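For the numbers below, each heavy atom of this structure counts, side chains included, while hydrogens, waters and symmetry mates do not. These numbers were taken from a predicted model, which means no experiment stands behind them.
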Amino acid sequence: MSGLPWGAFGAGLGWAAAAAFAVMLVTFAVAVRKGVHRVVDAAWGVGFAAVAVVTSAVAAAAGEGDAVRQVLVTVLTVVWGLRLAVHIGRRGRGHGEDPRYDAMLAKAPGNRNLYALRMVYLLQGALVWLVSLPVQAAAYGSGPVTLLAWTGTAVWAAGLVFEAVGDAQLARFKADPAHQGRIMDRGLWSWTRHPNYFGDFLVWWGLFLVACDAGTAAAAVSVVSPLVMTYLLIGGSGKRLLERRMADRPGWSAYADRTSGFFPRPPRRRPRRAGGGGA
């Protein structure tokens, strides 16, 4: 498999950045008008979808890349991104500002909206560009699609199922008033405390495998993406912060002790220790 066409790929990086920041700037304008910055969470998935579409279109227009791989990586990214955006949008409908953004903006020096633009929207736009590197590299790889790309697609599909099913199970659980204040510990949530985050983990490692199918150069350029996403999901703004907020909820300690903290496994029948944390 040949390497990347570095000149065209470099130009494509600029187009991808423009797409990511355009989505975030439009979302910022909507948020200011509505007076609620939580809408940026739904824009996360839209940003990836925009990057995938723009990158593949630019690469194809330049006569670069393999058409099958371009279509494959674009479809995978758009399906994942739009599903996530719709889910987050529905979840936040009718609610006020997210407490995370309230707490952040309460500390804003000067104009709250401009502070949000710098610290939320532009930062998320940069992360979308960085994390989407496998999508961008895959679009410029000229080698034919092989089994490695289809293996990555299978990993992506497993991740999408985990994420979508986990989100649906949690939504049904929370919709029942009898479950108010209770910990969700059923279905996939009995195998891992974060099936949605684990699903994201698989999605991005799967897309990385699709990029690897485009050659070693594409793999080297894009490996930072699944590593950054893994950090965000486990040690950054995902699992770590959520569990910090959940720590004082009744029943959390027992749930955490019997349920894996990330990678799925059957729940423990007996706690390892009273009040302990999950694996």
Output all residues satisfying side-chain contact (heavy atoms from CB on, under 4.5 Å) with [X], sequence neighbours left out; order by chain, then residue number.
X      : value
Leu76  : Leu72, Thr153, Trp156, Leu207, Val210
Val68  : Asp66, Val145
Val223 : Phe208, Leu227

With sequence neighbours excluded, what pairs up with [X] under the ring-ring contact (aromatic ring centres under 6.0 Å, His included) test?
X      : value
Trp44  : Phe48
Tyr101 : none
Phe21  : none

Residues Arg258, Asp185: salt bridge by 4.0 Å N-O rule: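 Yes.
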
By the side-chain hydrogen bond (donor to acceptor under 3.5 Å, both in side chains) test, which pairs, at least two apart or in different chains, include something from residues 102-115?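 Residue pairs with at least one partner in residues 102-115: His37-Asn113.
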
Does Thr55 use its side chain to pair, donor to acceptor, with the backbone of Ala52 at less than 3.5 Å?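 No; zero donor-acceptor contacts below 3.5 Å.
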
Are any non-hydrogen side-chain atoms of [X] and [Y] less than 4.5 angstrom apart?
X      : Y      : value
Val40  : Met24  : yes
Trp252 : Glu243 : yes
Arg186 : His179 : yes
Arg245 : Arg100 : yes
Gln169 : Met184 : yes

Listing, residues 8-19 side-chain donor-acceptor contacts under 3.5 Å, not counting sequence neighbours, or none:
none

Indicate the atoms forming the closest heavy-atom contact of [X] with [Y], along with that distance.
X      : Y      : value
Gln136 : Val51  : CG-CG1, 4.1 Å
Ala85  : Val46  : CB-CG2, 3.7 Å
Ser132 : Ser225 : N-OG, 4.5 Å
Pro144 : Asp213 : O-OD2, 3.8 Å
Ile183 : Phe173 : O-CZ, 3.7 Å

[Y] reachable from [X] in the ILVMFWY side-chain graph, under 4.5 Å edges:
X      : Y      : answer
Val135 : Val71  : yes
Trp191 : Met246 : no
Leu82  : Ile88  : no
Val131 : Val224 : yes
Tyr231 : Met229 : yes

Could you tell me the separation between the [atom1] atom of [X] and the [atom2] atom of [Y], rounded to the nearest 0.5 Å?
X      : Y      : atom1 : atom2 : result
Phe198 : Lys239 : CZ    : NZ    : 13.5 Å
Ser222 : Trp204 : OG    : CH2   : 10.5 Å
Arg249 : Tyr255 : CZ    : OH    : 11.5 Å
Tyr197 : Thr192 : OH    : OG1   : 11.0 Å
His194 : Leu242 : NE2   : CG    : 5.5 Å
Met104 : Met119 : CE    : CE    : 6.5 Å

Please test Val23 against Val26 for side-chain contact (heavy atoms from CB on, under 4.5 Å), starting from the C-alpha separation and ending with a verdict. CA-CA 5 Å; Val23 169; Val26 169; over 6 Å; no

Residues in side chain to side chain donor-acceptor pair (under 3.5 Å) contact with [X], at least two apart in sequence or another chain:
X      : result
Thr74  : Ser56
Trp80  : Glu163, Asp200
Asp167 : Arg83
Arg90  : none

Can you confirm whether more than 12 heavy atoms, excluding those of Trp150, are under 6.0 Å from its CH2 atom?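 For Trp150, atom CH2 is not crowded (no more than 12 foreign heavy atoms under 6.0 Å).
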
Start with the C-alpha gap between Phe263 and Phe201, add the side-chain angles, then the distance that decides, and say whether ring-ring contact (aromatic ring centres under 6.0 Å, His included) holds. CA-CA 10 Å; Phe263 295 99; Phe201 168 86; 5.5 Å; yes

